[in-house]
Amino acid sequence: MDRLTRVPGLLYGGDWNPEQWPEQVWAEDVKLMAEAGVNLVTVGVFSWARLQPDAYSWDFGWLDRLLDLVHRHGVAVDLATATASPPAWLVRAHPELLPVTADGIRLEFGSRQHYCPSSPAYREAAVRLTRALAERYRHHPALALWHIHNEYGDHVQECFCPASAADFRRWLRERHGTVDELNRSWGTAFWSQHYNSFEQIEPPRTAPGPVNPTQLLDWRRFCSDALLALHRAEKAVLDEVSPGVPVTTNFMSMLKALDYWEWSRHEDLVSDDAYPDPADPRAHVNAAMNYDLMRSLKGGRPWLLMEQAPSAVSWRPVNVPKPPDLHRLWSLQALARGADGVLHFQWRASVAGAEKFHSAMLPHRGTAARGWRQTVRLGAELRRLGEIAGSRLRGQAAVLLDWDSWWALELDDHPSGRMRWLDLLRPWYAALHARGITVDFLPPSAEPDGYPLLFAPNLYLLDTATAERLTRYVRGGGRLVCGPFSGIADRHDHIHPGGHPGPLREPLGIVVDEHWPIPDGTTTAVRLDGTKTESTEPDGTEPGGTELRAEHWSEWIETEGAETLARYTSGPLTGLPAVTRHRYGAGSAWYLSCHLGADVGPVLDLPLAEAGLNAELPGLPPGVEATRRHAADGTGYLFLLNHGPEERQVPLRTPGTDPLTGTDLLTGTPTGDTLTLAPLGAAVIRLPAAQERA
Ligand SMILES: [Zn+2]
């Protein structure tokens with residue numbers, strides 16, 4: 001990470017596409033970058049056709065001049081390998097590299113990401129280009145970071161061509177060893193799907209009816225691996241030719257297609273592209289969730305917001321701009337959740353192409369535009385916050401996220417098609433966010449022992465090793481909160497026999513007799529008992545409890561040692577347990593048998609109370625987000641972000657304690673008992689190490 005940490009403070013800048021402009025414009029660009037405080041630009045993301053005009057020649061002269069120019073002006077470069085959009089000459093020479101859909105349609109040249117992930121021709125050309133760039137620029141003083149490809153899986157996540165079929169068969173051989181084992185794993189005794197050899201297997205192309213679910217699940221795994229293999233091929237070249245320069249590829253927040261736990265093992269630095277929608281009043285909650293994941297992918301190490309829009313994007317049906325102060329607030333939110341820099345797509349607004357209406361740091365109107373003043377102001381503020389670079393924050397609790405389970409959960413032919421991972425996760429995350437609780441995400445392979453509380457909104461697919469780990473965690477004193485339709489299937493998507501939730505039945509102390517999906521447009525009433533923290537069996541029918549509504553999903557469950565905390569009070573399950581807690585070993589295991597949506601908060605309050613977890617800063621007004629980063633020397637950085645439209649008074653004191661006296665780094669002023677936040681306002685308060693320890 002040496003090269004990148006040479007850039008002092010927080011990283012600020014964006015994608016710069018100078019190949020779209022005459023060189024006279026570059027001189028103005030670097031002058032304005034200095035004015036805005038830009039210290040890192042991403043160059044060359046879509047430059048393949050310019051760098052390699054045909055199969056036999058290279059044109060690096062312009063990039064030489066460009067890198068020299070930015071270096072003279074003190075700007076570092078995140079240099080892209082330019083492999084996300086293969087040029088026309090390569091496509092026409094190798095038409096077989098174009099991707100093919102499940103319906104057999106070959107996608108044409110004329111957009112981007114038009115390649116088959118398993119195409120030898122594409123891969124060979126991409127690696128060749130990466131090597132040429134690495135050999136030419138590995139010692140260039142402007143080079144701070146390598147940027148592989150761009151947004152893997154954005155447009156093309158799978159390909160059904162013969163090359164992909166062959167690659168899939170190779171992958172299946174590695175995974176299953178023999179075709180007999182594959183037949184067992186895929187359950188091919190069903191519907192006469194038995195294979196005599198790997199050669200008989202094809203990708204899950206469009207078929208007359210439902211396709212074998214384990215074939216589909218293996219396909220999802222293979223598609224993530226196939227794109228990762230491309231990334232790893234470029235990474236290997238960069239590591240070999242340009243050691244010591246960190247490498248990243250820009251992730252796309254919580255993307256179903258790619259198992260980012262596996263991907264991030266091959267990243268030196270996690271970076272993310274995030275485009276919260278200004279028209280969505282809950283956008284900042286989803287953004288917080290995505291940023292928590294990015295921080296968690298490398299165990300809490302700082303990450304980089306590689307792309308965000310200064311104002312509107314150009315690819316939604318309606319592209320709403322960001323009102324004044326919102327872009328600043330959302331940039332600070334990324335820092336509040338562990339980022340060490342905020343970059344943008346893009347530096348200078350394009351005048352041609354599919355993204356010409358996408359906002360930029362330097363808008364079409366030029367330096368007279370509101371957007372330009374915003375760019376300069378944010379750059380100046382980030383310089384004032386430079387000392388937070390490298391500090392970290394750690395979640396108070398953890399959330400389990402398993403891509404395997406996500407893929408398997410959303411396969412067809414389940415009791416309800418309404419059980420989608422993000423729909424299950426988001427209300428839980430939103431409830432925790434509203435309560436000021438910061439969470440880390442964990443992969444299923446992690447030991448959760450360092451966290452007092454572990455949330456699993458859904459674990460449809462649960463292998464025995466993970467189940468044993470979770471059981472040990474609870475027995476050892478942990479608190480596991482498990483959502484519905486969990487512990488259903490093993491890693492081959494075969495049902496755990498003997499009653500759901502399979503291997504979690506013992507720690508949860510319940511058994512599911514039958515899944516009972518709730519029809520669309522209707523809800524089922526659930527009453528959470530008033531004596532919620534008592535360990536005695538509560539009477540769920542007594543008045544005084546909290547009324548909740550379950551949607552989409554409920555279950556007929558019976559307790560096997562667990563106590564009932566909430567019961568169904570309407571519909572066919574009336575009187576049956578809806579939420580349970582099982583004291584198990586030194587810990588407790590909680591089960592929610594229904595999808596409570598926005599009503600889940602009062603239920604999550606119970607394990608939070610049991611774990612003694614409170615908001616980072618108690619007494620926060622609604623709409624104000626608070627997180628705290630810590631530097632190695634103990635200095636704390638308290639971020640306060642007002643996402644609401646009204647001015648807010650934030651108490652900087654917990655009851656019975658001294659006020660948090662520090663300095664707001666944005667204004668340079670000392671803080672007192674309370675702090676006033678304007679609508680969309682923010683503060684970043686430095687808290688001295690001594691006070692942090694107290
Ligand atoms: Zn293909």
Side-chain angles (χ1 to χ4, degrees), residues 46 48-49 52 55 81-130 148-176 179 182 186 195 197-207 211-237 249 252 255-260 262-263 266 403 407 411:
F46 293 107
W48 193 340
Q52 197 178 9
T81 58
T83 52
S85 195
W89 61 261
L90 180 62
V91 172
R92 295 309 175 221
H94 293 281
E96 80 284 1
L97 70 70
L98 290 169
V100 175
T101 67
D103 294 329
I105 296 166
R106 199 173 276 282
L107 301 176
E108 240 309 349
F109 179 85
S111 178
R112 63 177 185 177
Q113 279 191 12
H114 41 268
Y115 63 82
C116 156
S118 298
S119 159
Y122 168 75
R123 178 170 170 148
E124 196 176 295
V127 166
R128 189 169 168 232
L129 173 61
T130 301
I148 290 180
H149 193 272
N150 178 67
E151 296 181 341
Y152 279 105
D154 182 17
H155 307 303
V156 175
Q157 304 176 337
E158 55 187 357
C159 173
F160 296 82
C161 79
S164 293
D167 201 21
F168 184 41
R169 287 189 282 266
R170 175 201 58 74
W171 185 94
L172 290 170
R173 268 200 189 84
E174 273 180 26
R175 182 175 180 86
H176 298 287
V179 76
L182 178 136
W186 285 17
Y195 293 100
S197 69
F198 282 101
E199 284 64 37
Q200 293 176 337
I201 300 172
E202 294 290 336
R205 298 195 182 93
T206 304
V211 172
N212 181 306
T214 316
Q215 181 183 3
L216 289 168
L217 178 57
D218 268 353
W219 178 251
R220 292 263 69 81
R221 292 165 170 151
F222 161 74
C223 289
S224 179
D225 283 357
L227 284 169
L228 179 57
L230 284 178
H231 175 270
R232 291 181 64 183
E234 292 191 31
K235 175 75 159 62
V237 170
T249 188
M252 299 188 70
L255 182 69
K256 180 181 173 183
L258 305 184
D259 180 350
Y260 281 153
E262 181 61 26
W263 277 69
H266 305 281
W403 260 269
W407 294 330
L411 293 172

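Note that ligands are numbered from 1 as they come in the structure, with each ligand's atoms numbered from 1 the same way.
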Side chain Y122, main chain H114, donor-acceptor under 3.5 Å: no
Side chain to side chain, W403 and E262, heavy atoms closer than 4.5 Å: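 No - every pair of side-chain heavy atoms lies 4.5 Å or more apart.
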Nearest heavy atoms of F160 and P203, plus distance in Å: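 Between these two residues, the closest heavy atoms are CD2-CB, 3.7 Å.
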Heteroatom count (protein N, O or S) under 2.8 Å of the Zn ion (ligand 1): 4
Atom pairs and distances, donor-acceptor, side-chain atoms in residues 222-231, under 3.5 Å, two or more places apart:
from, atom 1, to, atom 2, distance (Å)
S224, OG, D259, N, 3.1
S224, OG, W263, NE1, 3.3
D225, OD2, W171, NE1, 2.9
H231, NE2, E267, OE2, 2.7

Charged N-O contact under 4.0 Å between R170 and E174: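 A salt bridge is present here (some side-chain N lies under 4.0 Å from a carboxylate O).
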Separation between OG of S118 and CD of E158, rounded to the nearest 0.5 Å: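 Answer for the OG-CD pair, S118 versus E158, is 11.5 Å.
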